[in-house]
2 protein chains.
Amino acid sequence: MASHPDDLDLAGLTSAIEGFNAYFIRLPSVRRLSFSTLSVLHTLHHHGPMRLTALTATEQLKQPALTSLVAKLEREGLVTRRPDPRDGRAVLLSLTPEGEHIVRSRHADRTARLARLVEHLSEEERAQLAGYTRLLNRLTEIAAHVEG
Amino acid sequence: MASHPDDLDLAGLTSAIEGFNAYFIRLPSVRRLSFSTLSVLHTLHHHGPMRLTALTATEQLKQPALTSLVAKLEREGLVTRRPDPRDGRAVLLSLTPEGEHIVRSRHADRTARLARLVEHLSEEERAQLAGYTRLLNRLTEIAAHVEG
DNA sequence: AGAGTTATATCAAACTTCGATGTAAATCGT
DNA sequence: ACGATTTACATCGAAGTTTGATATAACTCT
């Protein structure tokens, strides 16, 4: 289908990402944490303190489910809730040091696994891979704009 | 930290992938399908007919949960179960045409979303992205070896 | 053939998610 | 500044999911 070599085969790229993710996402988490939990921790880690309602937008959970998930995470000491000084109805959620620790340690595990894969690449492939960090960050940034 | 420009910052790359995935994974699925369901459909699509036990290895579910999930998917017409001719205890699972349709249509949605992002890239960045498909497939293949 | 193992099913208990609805705080229109 | 509306989160009970323990039947090995 491509008219010349550099043409971007988007469906092929999508498949490649999907396939790699099937491997990349699955970590044998030591503590048994659900997908929902991990997603909330990831979002809070990257976004910083935010409201329950703001989380409803990114997580694929309805508000009552989030209320109860966050209550549980608070009991477990992974998340703190404090009143929003700007709005008496709202609550600001953030990660505790222990919550941060989980996100960071999963990140470290992924980095280590990636390292083991990269060992098997050629010199040239490794050099090529180095450029993708910028590119992926660029795409993520664009996604944030396009969606928002 | 990098000693020269082409050095591979693995932690940075991991973060970039994690960040992009947070966007890429989340599709507002039309039918309300759980993460577990989607993962099973994806695995069956790529791997072809397989046993329940084989699925237990890739999905992060225990066998009883898979038995009941698969029973539900069979009721909904997304998966078929037939006895394994080689082993009377075992069951071979595969996708129905409708199950295949769901996987393909989610793939198509992702491709379309990716297309909207890529529009915003420069000519040069698009060319760079084209090489990423090969490289990701290569990494996935290596992962299959390293794990297996 | 009998002992051990493997593939899946069943069960009840624990947990998650949902839709509907409640309560209190903020905002809007007059 | 008042009441009406809207927004943020909590609560509730019902429906759905996941789990560990255990059952059953089919394979394997000697």
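The shown structure was predicted, so the numbers you read here are calculated from the model rather than taken from an experiment. Throughout, a chain's letter reflects where its sequence line sits, starting with A, and its residues are numbered from 1.
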field: Of residues 66-78 of chain B, the positions that come close to DNA chain D - non-hydrogen atoms, cut-off under 4.0 Å
entry: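 Going residue by residue through residues 66-78 of chain B, the ones with a heavy atom under 4.0 Å of DNA chain D turn out to be B/Ser68, B/Lys72.
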
message: Go nucleotide by nucleotide along DNA chain D from the 5' end; which of A/Thr53 and A/Arg32 gets its closest nucleotide reached first?
response: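 Checking each residue's closest nucleotide, the 5'-ward one belongs to A/Thr53.
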
Residue pair A/Leu78 / A/Val40, side-chain heavy-atom distance below 4.5 Å: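 No; the side chains remain at least 4.5 Å from each other.
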
Any donor-acceptor pair under 3.5 Å from [X] side chain to [Y] backbone:
| X | Y | result |
| --- | --- | --- |
| A/His45 | A/Leu41 | no |
| A/Arg26 | B/Thr58 | yes |
| A/Gln128 | B/Leu135 | no |

What is the distance, to the nearest angstrom, from the [atom1] atom on [X] to the [atom2] atom on [N]?
| X | N | atom1 | atom2 | answer |
| --- | --- | --- | --- | --- |
| A/Leu93 | D/dA10 | CG | C1' | 14 Å |
| A/Arg81 | D/dA8 | CZ | C1' | 12 Å |
| B/Leu61 | C/dT16 | CG | C1' | 14 Å |
| A/Lys62 | C/dA20 | NZ | C1' | 14 Å |
| B/Asp87 | C/dA9 | CG | P | 13 Å |
| B/Arg51 | D/dA26 | CZ | P | 14 Å |
| A/Glu59 | C/dT16 | CD | C1' | 15 Å |
| B/Leu92 | C/dA7 | CG | P | 12 Å |

task: Check the surroundings of atom NE2 in B/His101: do more than 12 heavy atoms from other residues, nucleotides or ligands lie under 6.0 Å from it?
output: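 Open.
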
message: For A/His47, I'd like to know if atom NE2 has over 12 heavy atoms of other residues, nucleotides or ligands within 6.0 Å.
response: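 Open.
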
field: Terminal axes of the helix from C/dA1-D/dT30 to C/dT30-D/dA1 (five pairs each): angle between them, nearest 10 degrees
entry: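 Here the local axes at opposite ends form an angle of 40°.
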
query: Under the 3.5 Å rule, do the base of D/dA10 and the side chain of A/Gln63 count as making a donor-acceptor pair?
result: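 Looking at the base of D/dA10, it does pair with a donor or acceptor on the side chain of A/Gln63 (distance under 3.5 Å).
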
- prompt: Can you find an N or O donor on one side and an acceptor on the other, under 3.5 Å apart, linking the side chain of B/Arg89 with the base of C/dT8?
  reply: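 Absent.
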
query: Do the side-chain N or O atoms of A/Ser36 get closer than 4.0 angstrom to the phosphate oxygens (OP1, OP2) of C/dT17?
result: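 Yes.
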
- prompt: Would you call B/Asp84-B/Arg86 a salt bridge at under 4.0 Å N-O?
  reply: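 Judged by the 4.0 Å cut-off on N to carboxylate O distance, B/Asp84 and B/Arg86 do not form a salt bridge.
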
message: Regarding B/Glu123 and B/Arg126, does a basic nitrogen lie under 4.0 Å from an acidic carboxylate oxygen?
response: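 The answer is yes: the pair qualifies as a salt bridge.
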
query: Nearest to the side chain of B/Pro64 - D/dT11, C/dT8, D/dG20?
result: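 So the side chain of B/Pro64 is nearest to D/dG20.
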
query: What nucleotide, of D/dC27, C/dA25, D/dC9, holds the atom closest to the side chain of A/Leu52?
result: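 Given the options D/dC27, C/dA25, D/dC9, the side chain of A/Leu52 is closest to D/dC9.
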
message: What's A/Arg86 touching, base or sugar-phosphate or nothing? Going by heavy atoms closer than 4.0 Å.
response: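 Touches nothing.
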
- prompt: Is a side-chain donor-acceptor pair under 3.5 Å present for B/Gln63 with B/Thr56?
  reply: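 No donor-acceptor contact under 3.5 Å links the two side chains.
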
field: Stepwise side chain to side chain donor-acceptor pair (under 3.5 Å) test for B/His107 and A/Glu18
entry: CA-CA 9 Å; B/His107 175 74; A/Glu18 287 172 343; 3.1 Å; yes

